[in-house]
2 protein chains.
Amino acid sequence: MKFSKATNYALHSMVFLAVIPSGKTIGVKSLADVQKVSPTYLSKVLTNLVKAGFVESVTGVNGGYKLIKDPKEITFLDVIQAIEGKASFFQCGLENNIHDRRNCMIENVMNEAEQKMEEHLTLNTIAGVAEKVNADMITHIHTAAN
Amino acid sequence: MKFSKATNYALHSMVFLAVIPSGKTIGVKSLADVQKVSPTYLSKVLTNLVKAGFVESVTGVNGGYKLIKDPKEITFLDVIQAIEGKASFFQCGLENNIHDRRNCMIENVMNEAEQKMEEHLTLNTIAGVAEKVNADMITHIHTAAN
DNA sequence: CTAATTATAGACTTACAATATCTATAATAT
DNA sequence: ATATTATAGATATTGTAAGTCTATAATTAG
Ligand code: SF4
Ligand code: SF4
């Protein structure tokens with residue numbers, strides 16, 4: 001089971017946004033270049049992050065995206081759910097009443113497993129990885145001139 | 001993120017196989033009926049469980065499938081991986097050398113999260129859920145006459 | 001031995017969501 | 001006024017999951 005490419009792009013974009021000087025913007029072109037993805041597609045991904053309230057977009061010359069929420073407060077799970085939604089691992093698909101569905105053991109095990117995963121993704125923030133990121137990663141991203 | 005329907009079918013089939021009297025077989029038709037899925041498709045799913053060494057198939061009249069491994073020894077993760085493979089949550093997709101890839105923090109967090117999930121799926125076995133399954137579930141499945 | 005039953009395998013189709021592109025529009029700075 | 005930037009909607013492409021169809025092989029009952 002894999003997370004989508006969109007989620008991958010979103011996580012990387014958030015890290016890039018977190019490592020640049022606070023307040024500066026990065027254009028989608030720059031973010032797209034470094035991740036080898038088309039700007040229009042990445043733009044759609046980033047729009048989800050805007051809607052989630054993590055970043056803000058600025059149109060016009062020297063515009064782009066910038067963080068508007070403290071990256072210490074943005075967890076991996078937050079970013080993942082902003083892109084993938086909240087559908088859970090497992091859902092009983094049988095509408096017929098084979099049996100009493102209360103306390104389905106299969107569903108319980110799966111949901112608990114999902115919870116373990118989510119716990120860990122909640123303990124790790126964008127700020128947490130941003131501060132450990134290798135310096136040469138930063139040199140590849142360009143903030144707006146301004 | 002969701003597990004596939006095939007995984008859902010596989011888990012249910014394993015539970016059904018675990019709750020019937022040991023040694024008896026269940027035909028794919030019966031397993032398919034109760035899960036509202038086509039027999040030919042379910043057959044493909046079950047073949048993966050055969051290849052994984054959990055069940056055995058018996059052709060001919062009164063044939064079908066039966067467990068050949070102690071369900072106490074078959075974990076949820078075993079079944080899931082038999083169907084979905086072992087691709088992990090996250091993989092760095094950038095071949096260019098943006099930066100030093102050793103100790104990628106993003107990948108680390110994701111893999112740790114996956115590990116937490118897998119730990120829990122390893123602690124739970126088919127036997128574990130089979131013994132807690134509601135009795136009326138069993139009445140819906142039919143073993144070979146024999 | 002024959003016929004019915006059952007699983008297997010391969011080729012094929014269908015359905016659907018992820019990924020991506022294109023274009024028109026709106027907002028902003030210079 | 002013009003260049004620059006993001007947004008949104010329509011559309012196209014790709015890839016994988018899901019499902020079907022058919023021929024074949026194995027087994028058992030009679
Ligand atoms: S065992 Fe759980 S998932 Fe399966 S049909 Fe029952 S309630 Fe639904
Ligand atoms: S941050 Fe990690 S996943 Fe991203 S390009 Fe670097 S090594 Fe790959």
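Letters A, B, ... are given to chains in the order of the sequence lines, protein chains preceding strands, and every chain is numbered from 1. The structure displayed is predicted, hence computed values, not measured ones.
Spacing between atom CZ of A:Phe3 and atom C1' of D:dT16 amounts to 18 Å, rounded to whole angstrom units. Separating the OH atom of A:Tyr9 from the P atom of C:dT19 is a distance of 7 Å, rounded to the nearest angstrom. For the pair B:Asn62 CG and D:dA26 C1', the computed distance is 14 Å after rounding to whole Å. Per the geometry, NZ belonging to B:Lys66 stands 12 Å off P belonging to D:dT27, to the nearest Å. Between the C1' atom of D:dA18 and the NZ atom of B:Lys2 lies a distance of 14 Å, rounded to the nearest Å. Taking atom OH of residue A:Tyr41 and atom C1' of nucleotide C:dA17, one finds them 10 Å apart after rounding to whole Å. Taking atom CD1 of residue A:Ile83 and atom C1' of nucleotide C:dT19, one finds them 13 Å apart after rounding to whole Å.
In this structure, B:Ser38 reaches the D:dT20 phosphate: one of its side-chain N or O atoms is under 4.0 Å from OP1 or OP2.
Nearest to the side-chain atoms of A:Thr59 among the listed nucleotides C:dT23, D:dT5, C:dT19 stands D:dT5. Proximity note for B:Val61 (side chain, C-beta onward) versus C:dT19, D:dA29, C:dA7: the nearest is D:dA29.
For A:Phe90 and B:Phe3, the ring centers are positioned 6.0 Å apart or more.
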>> Under the criterion side-chain contact (heavy atoms from CB on, under 4.5 Å), I'd like the reasoning laid out for B:Ile106 against A:His12: C-alpha separation, chi angles, the key distance, then a yes or no.
In response: CA-CA 8 Å; B:Ile106 298 181; A:His12 279 83; 3.8 Å; yes
> Could you walk me through whether A:Ile26 and A:Ile20 pass the side-chain contact (heavy atoms from CB on, under 4.5 Å) check?
Replying inline: CA-CA 9 Å; A:Ile26 314 179; A:Ile20 62 165; 3.4 Å; yes
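Between the base of D:dG9 and the side chain of A:Lys44 there is a donor-acceptor pair shorter than 3.5 Å.
Judged by distance alone, with hydrogens and angles left aside, the side-chain atoms of A:Thr25 form a donor-acceptor pair with the main-chain N or O of A:Asn62 at under 3.5 Å.
The residue among A:Lys5 and B:Ser57 whose nearest nucleotide of DNA chain C is located toward the 5' end is B:Ser57.
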